[in-house]
Amino acid sequence: MPKNITKAVKVVHQVDIIDNGLIDIPMLQIMQADGVIHAQATIPEIDKELALKMYDTMQYTRILDERMVAAQRQGRISFYLACTGEEASVVGSVAALSDQDMIMSQYREQGALAFRGYSTEQFMNQMFSNELEPNKGRQMPIHYGAKELNFMTISSPLATQIPQASGYAYGQKLAGQQAITLCYFGEGAASEGDFHAGLNMAAVLGCPCIFLCRNNGYAISTPASEQFAGDGIASRGLGYGIRTIRVDGNDIFAVYAATQQARIIALAEQCPVLIEAMTYRLAAHSTSDDPSSYRSKDEEARWADKDPLQRFAAWLISQGWLEEQLQTKKVESIRQEVLQELKRVEKVPICKVDEIITDVYDQPPWNLQEQLAELKQHIAKYPEAYPKTSGRL
Amino acid sequence: MPKNITKAVKVVHQVDIIDNGLIDIPMLQIMQADGVIHAQATIPEIDKELALKMYDTMQYTRILDERMVAAQRQGRISFYLACTGEEASVVGSVAALSDQDMIMSQYREQGALAFRGYSTEQFMNQMFSNELEPNKGRQMPIHYGAKELNFMTISSPLATQIPQASGYAYGQKLAGQQAITLCYFGEGAASEGDFHAGLNMAAVLGCPCIFLCRNNGYAISTPASEQFAGDGIASRGLGYGIRTIRVDGNDIFAVYAATQQARIIALAEQCPVLIEAMTYRLAAHSTSDDPSSYRSKDEEARWADKDPLQRFAAWLISQGWLEEQLQTKKVESIRQEVLQELKRVEKVPICKVDEIITDVYDQPPWNLQEQLAELKQHIAKYPEAYPKTSGRL
Amino acid sequence: MAKMNLLQAINNALIIAMEQNNKTVVLGEDVGHFGGVFRATSNLQQQFGKARCFNTPLTEQGIIGFANGLAAQGHVPVAEIQFADYIFPAFDQIVNEAAKFRYRSGGQFDCGNLTIRTPYGGGIAGGLYHSQSPEAFFAHIPGMKVVVPRNPYQAKGLLLASIRDANPVLFMEPKRLYRASVGEVPEEDYELPLGKAEVLSEGSDISLLAWGAQMAVMQQAAELASKQGVSCELIDLRSILPWDVTTVSDSVIKTGRLLISHEAPLTGGFASEIAATIQQRCFLHLESPISRVCGLDTPYPLAHEKEYMPDHLKVFEGIMRSVEF
Amino acid sequence: MAKMNLLQAINNALIIAMEQNNKTVVLGEDVGHFGGVFRATSNLQQQFGKARCFNTPLTEQGIIGFANGLAAQGHVPVAEIQFADYIFPAFDQIVNEAAKFRYRSGGQFDCGNLTIRTPYGGGIAGGLYHSQSPEAFFAHIPGMKVVVPRNPYQAKGLLLASIRDANPVLFMEPKRLYRASVGEVPEEDYELPLGKAEVLSEGSDISLLAWGAQMAVMQQAAELASKQGVSCELIDLRSILPWDVTTVSDSVIKTGRLLISHEAPLTGGFASEIAATIQQRCFLHLESPISRVCGLDTPYPLAHEKEYMPDHLKVFEGIMRSVEF
Ligand SMILES: Cc1ncc(C[n+]2csc(CCOP(=O)(O)OP(=O)(O)O)c2C)c(N)n1
Ligand SMILES: Cc1ncc(C[n+]2csc(CCOP(=O)(O)OP(=O)(O)O)c2C)c(N)n1
Ligand SMILES: [Mg+2]
Ligand SMILES: [Mg+2]
């Protein structure tokens with residue numbers, strides 16, 4: 001209820017400084033950790049085909065994560081960042097969208113891309129920064145972007161995509177599109193000023209945007225308890241006057257149902273919705289990180305028991321939709337595909353040096369033209385020093 | 001109730017996206033608009049001396065505002081910004097502090113300074129940017145600062161003082177001081193990223209700080225309805241896990257009682273408290289502004305009826321603590337004092353030109369020394385062009 | 001042609017941009033019904049509706065973040081930052097986002113439609129926080145364009161070009177001239193080129209280079225100098241990034257001398273880039289050191305504003321020092 | 001003396017600063033128990049307690065805003081920004097607040113106790129957002145000091161001096177050298193002066209000027225040049241603001257030539273300020289144009305990192321062009 005000079009407000013006469021207890025937002029859970037549906041719950045309408053697509057995507061990114069972490073250890077790629085443990089939060093939400101909806105993600109949402117059809121080859125092109133990659137190899141591995149899939153190129157600075165998502169959604173509204181924007185971010189990123197600006201603007205300006213916070217307990221080494229003192233991120237949504245829901249982020253049905261409902265509201269009412277998905281980063285923050293110094297094996301094990309993949313698999317099996325034997329084969333074939341593509345793609349060259357100055361502006365101005373010409377002369381003089389580009393001047 | 005991976009959370013099984021209605025924070029009001037105390041309310045313990053000091057301060061700044069706006073119209077000062085209509089929010093809160101508490105204000109809180117003993121002469125020195133002013137005339141009028149009164153020099157960029165207040169209060173805590181920081185800001189400034197950062201950090205790091213938002217309905221021309229969509233600023237405090245209270249900002253007893261209580265909590269629990277004071281900017285935003293184009297006379301009149309001064313006066317009269325006749329005299333004498341000081345101080349010179357380079361660093365480095373030397377030579381060559389400094393090279 | 005002041009020229013350009021392309025959207029603090037604290041956006045909300053001209057909440061980082069998203073989506077945001085002094089909370093959204101959006105995505109996405117308008121500069125008794133000239137910060141950001149008009153005619157033509165340019169543009173308006181600068185402005189749609197300097201008057205002894213409000217100061221100084229028999233070539237840079245090196249170096253090759261002036265502090269100001277580049281390109285033609293007459297290396301003071309400013313007398317002295325070198 | 005790498009030298013300086021003054025407080029993202037993503041703050045929380053070394057929420061504007069308040073209160077905050085690329089959300093708290101706090105209050109209040117530590121620079125396959133060298137932005141901010149060490153010995157002595165300096169200091173750490181640069185470092189407390197350049201090796205044909213990680217590149221280039229019979233005078237600027245004009249101009253007066261190099265993009269980089277100032281002061285001594293060998297005017301690319309960087313070969317070519325001018 002927005003309070004300002006024109007709205008009525010309830011008046012009290014005793015000093016009562018409200019304690020934190022006022023806000024206590026429950027968490028939606030449809031499927032229990034063992035894959036059994038809560039008696040009082042309704043499973044969202046998901047047919048076998050969709051369910052398997054969702055499961056396969058989760059499976060796929062799990063394997064991709066495993067393989068690419070290994071590839072990084074072998075020194076074949078410089079960096080990787082896994083989604084392991086958070087697959088339900090990502091795949092459950094993207095599955096509830098239309099393909100026309102724009103996705104603006106943080107970095108740990110490869111499942112959303114995979115669900116929309118980003119291929120192993122595309123993943124590899126990005127991670128090897130090669131010339132086949134539409135982002136032209138300019139950013140570190142995992143900074144995916146695919147215009148044709150309505151997936152905005154990822155940017156490292158945290159939370160910058162949040163007010164951008166509000167603006168993007170506002171543009172969709174102005175254009176009269178039947179589409180929304182889904183913005184992913186972590187509970188750490190939610191401490192940035194851009195989070196505040198983005199959510200408040202979306203609320204005031206009526207932007208059809210779903211803000212999905214993966215509250216996975218950590219921002220690198222910083223536990224959520226040192227990130228905020230309130231009732232998670234969900235409570236902030238209410239402060240902005242944004243419709244809000246907290247879900248079990250490891251329960252794909254809860255995530256799917258909430259996102260589906262959120263999308264309906266966002267489109268119909270042209271307003272934002274905030275979803276806080278409670279989950280856990282089972283992996284290290286990235287290949288540069290080792291979590292053993294800041295959290296216990298015990299804690300990790302407790303969360304491994306809530307693994308969203310196993311949970312969903314248990315349910316699928318109980319439905320008779322998943323055969324364990326077939327699964328083993330599938331896993332093996334994904335593994336093979338990833339390895340093969342990895343081997344193949346690591347030989348693809350990077351862009352010609354000419355691309356070093358394109359896309360700074362729509363057209364390179366004089367200074368860039370001069371700098372490129374000088375650079376090419378220089379490379380021609382010292383070809384061995386620039387082996388990746390000197391062969392194709 | 002902070003929710004994170006270690007805290008228990010209530011689980012539900014039906015999708016229920018929480019609507020804005022969940023948060024509905026009441027407003028504390030002790031004294032009604034006619035000065036009569038609510039039957040269920042308790043007046044905070046304020047003796048006659050303190051009550052009159054509070055009233056006199058409100059009266060004083062009201063007159064100062066009136067006179068200085070006139071002085072600006074006459075071209076005697078370049079700029080002014082009135083507190084008119086918001087005196088209770090400011091004076092009621094500062095009166096509940098200890099003199100050791102640091103005040104970090106936005107700009108519309110001259111009452112806090114006046115209450116602590118800032119003299120008319122000091123006000124004038126600041127507004128005439130003269131050499132007697134401790135800030136050395138470097139900032140525009142109304143950017144007061146007084147170290148000996150624990151009143152931090154005001155800075156124009158909005159909301160920057162909010163995370164600074166958290167840090168200042170943290171320093172007080174580390175130093176083991178029995179003092180807190182009071183940070184004032186407007187509901188407009190609360191949209192800045194610095195607000196989010198400052199409040200969240202204060203909550204997480206346990207900073208003994210009172211955040212007092214003057215929600216006066218406008219940020220220049222922008223009404224609160226275009227500033228936020230939630231339940232005011234108070235609802236955000238709850239989101240951060242900050243103890244929060246909303247008060248009638250035109251009721252000096254409500255403001256005083258809430259601040260007193262907030263200070264006790266902040267000190268005892270070494271934590272922040274948020275107070276949202278619902279008030280109204282009766283004046284223009286500043287002397288550069290004309291509100292007639294963005295709000296109605298009607299609305300202004302409705303709020304003039306809730307004038308905090310008249311309200312308090314009515315109560316004081318009912319107590320027999322205020323004699324109307326004496327008041328008229330007092331008003332006249334303040335007016336005279338302001339006019340006299342204005343006349344006297346406008347003749348005080350500005351700082352010598354040497355001060356143009358001091359305080360950039362603790363010691364001016366070579367570039368500033370060279371630039372000053374060159375400047376002084378230049379002024380000596382063209383003394384008529386720099387009349388304010390050429391006489392005292 | 002119509003007589004307009006600088007504010008009216010800007011308002012007029014905005015109206016044309018919004019009429020001509022219904023994707024153009026104006027946003028910022030107080031730009032809506034009120035028309036902005038300087039009234040540059042007057043009547044836009046009334047004429048084009050609240051959806052296309054609206055007040056934002058008070059958050060510069062939000063304004064530019066939001067505008068970046070809106071631009072990436074295909075709209076044409078013209079965002080106002082109320083004073084250039086308040087652009088810094090948006091610095092990250094400008095440096096790391098708007099300017100790098102296209103490059104990092106290999107041209108898949110961009111914020112090229114973005115224009116940021118902001119009033120800058122001193123001389124209005126604004127003190128530290130209503131006087132800054134921060135162009136140099138933005139001149140070190142590949143991907144940005146930075147443009148500064150000096151009069152109403154330029155303001156309209158350069159603003160229309162900026163709005164339609166396919167790159168993010170920071171358009172800095174000399175607020176001291178908002179009402180003071182009045183001139184004939186074509187009523188129809190026209191553009192002036194970005195990245196091109198303008199030679200205001202030719203001369204043979206020294207080239208004087210500046211932009212925006214500082215041009216009037218240069219003119220005054222040039223007049224003083226001409227009384228001493230010094231012939232000045234006066235150049236308005238107009239675009240800070242990318243800047244027109246050809247016009248400037250051609251002029252310096254001719255005159256053999258260069259003086260650059262801006263209000264911003266000397267150290268790290270944009271004059272340093274010009275001086276560094278020109279001493280390199282015109283080394284054998286320089287008859288005296290390139291001279292910079294700029295603001296002091298201090299925050300912008302109030303009481304000593306007159307002393308701080310690179311006024312016509314200081315520029316004149318600089319000219320004479322240069323020709324007498 | 002002990003062998004330390006650059007990270008250990010920094011960690012050692014922080015321990016000394018915290019031991020010697022119990023008002024010293026270390027804060028930033030992940031700096032607590034974990035010791036920072038590069039481990040520069042290892043063991044500080046364990047040794048000095050959570051109150052004096054703590055994780056902040058993930059907000060750079062908050063970190064610097066909070067640290068400004070803490071400094072104004074009388075404590076000595078040493079704030080870490082995890083990567084220099086992420087300092088921009090804090091730009092307003094640095095430009096408008098930390099740097100202007102003392103001036104605007106006439107010296108009543110200041111943030112002089114503030115030190116901001118941040119790893120900068122490329123060469124680690126970091127791409128756009130883990131490679132930037134933003135020193136020039138901060139060199140245009142009167143009130144700030146900017147310091148860059150090149151090795152462990154400098155890192156410790158300059159960091160201790162920065163923490164104790166009575167002005168806000170941005171201390172930029174060349175992260176490529178964190179583990180790569182190892183050297184003898186005194187175990188006791190010592191300071192190196194701010195604002196003073198260091199002449200590493202004398203020479204007669206050309207002065208080479210750089211700072212931080214770029215010094216190693218300059219050394220390599222100087223060796224190549226010496227094989228061509230060119231004698232280089234190598235100067236480490238160490239402090240970007242205020243910078244040591246005397247040492248640089250004395251050297252240029254001697255050698256007649258100057259080459260400046262930095263990783264940051266050329267346009268508006270700090271080399272421009274040095275070139276502008278030195279061409280002015282040493283005009284009659286210059287035998288060739290002052291040369292800048294810098295990063296390209298692009299965002300920092302990943303795949304083309306090698307091509308982007310001002311490596312020893314580019315510097316060498318620059319030297320030869322200058323002496324053969
Ligand atoms: C502005 C900014 N500051 C700091 C960083 C460095 N950084 C990268 S990831 C990260 C933690 C993010 O945590 P969270 O948002 O919770 O996402 P998660 O990694 O848990 O998915 C940090 C501090 C950054 N990328 N951008
Ligand atoms: C960062 C920044 N942006 C914009 C401004 C310009 N400005 C000055 S006051 C003001 C409105 C502030 O409104 P509010 O916080 O509600 O305080 P009030 O004036 O109502 O007391 C604006 C936009 C500023 N001073 N700082
Ligand atoms: Mg996280
Ligand atoms: Mg207000």
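Letters A, B, ... are given to chains in the order of the sequence lines, protein chains preceding strands, and every chain is numbered from 1.
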Euclidean distance, [Y] [atom2] relative to [X] [atom1], rounded to 0.5 Å:
X: C:Thr267; Y: D:Ile274; atom1: OG1; atom2: CD1; value: 11.0 Å
X: C:Ser272; Y: D:Gln280; atom1: OG; atom2: CD; value: 13.0 Å
X: C:Glu273; Y: D:Arg292; atom1: CD; atom2: CZ; value: 4.0 Å
X: D:Tyr129; Y: C:Lys100; atom1: OH; atom2: NZ; value: 6.0 Å
X: D:Ile94; Y: C:Phe91; atom1: CD1; atom2: CZ; value: 10.5 Å

Close side-chain approach of D:Tyr86 and C:Asp92, heavy atoms under 4.5 Å: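 No. Closest side-chain heavy atoms not under 4.5 Å.
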D:Gln61 vs C:Gln61 side-chain heavy atoms within contact, under 4.5 Å: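 The answer is yes, as the side chains (C-beta and beyond) meet within the 4.5 Å cut-off.
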Whether D:Phe283 and C:Phe325 hold their rings parallel, tilted or perpendicular, with breakpoints at 30° and 60°: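 D:Phe283 vs C:Phe325 ring planes: perpendicular.
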Taking side chain as everything from C-beta outward and backbone as N, CA, C, O, which of these in [X] sits under 4.5 Å from a heavy atom of chain C? Side chain, backbone, both or neither.
X: D:Tyr103; result: side chain
X: D:Glu135; result: neither
X: D:Leu284; result: side chain
X: D:Gln132; result: side chain

Selection from D:Ile290, D:Leu128, D:Val95 maximising heavy-atom pairs under 4.5 Å formed with chain C: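 Looking at each option in turn, the highest pair count goes to D:Ile290.
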Winner by heavy-atom pair count (cut-off under 4.5 Å) against chain C, out of D:Ala275, D:Ser291, D:Ser288: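 The option with the most such pairs is D:Ser288.
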Per-residue contacts, residues 246-266 of chain C versus chain D, heavy atoms under 4.5 Å: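 Listed by number: C:Ala264, C:Pro265, C:Leu266.
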Those residues of residues 294-304 of chain C, ordered by number, that approach chain D below 4.5 Å (heavy atom to heavy atom):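 Interface residues of residues 294-304 of chain C: C:Asp297, C:Thr298, C:Pro299, C:Pro301.
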ring-ring contact (aromatic ring centres under 6.0 Å, His included) partner of C:His140, chosen from D:Phe138, D:Phe270, D:Phe137: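 In the set D:Phe138, D:Phe270, D:Phe137, the residue that makes a ring-ring contact (aromatic ring centres under 6.0 Å, His included) with C:His140 is D:Phe137.
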Interface residue of largest heavy-atom contact number with chain D, from C:Gly268, C:Gly269, C:Ala90, C:Cys282, under 4.5 Å: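 Among C:Gly268, C:Gly269, C:Ala90, C:Cys282, the one with the most close pairs to chain D is C:Gly268.
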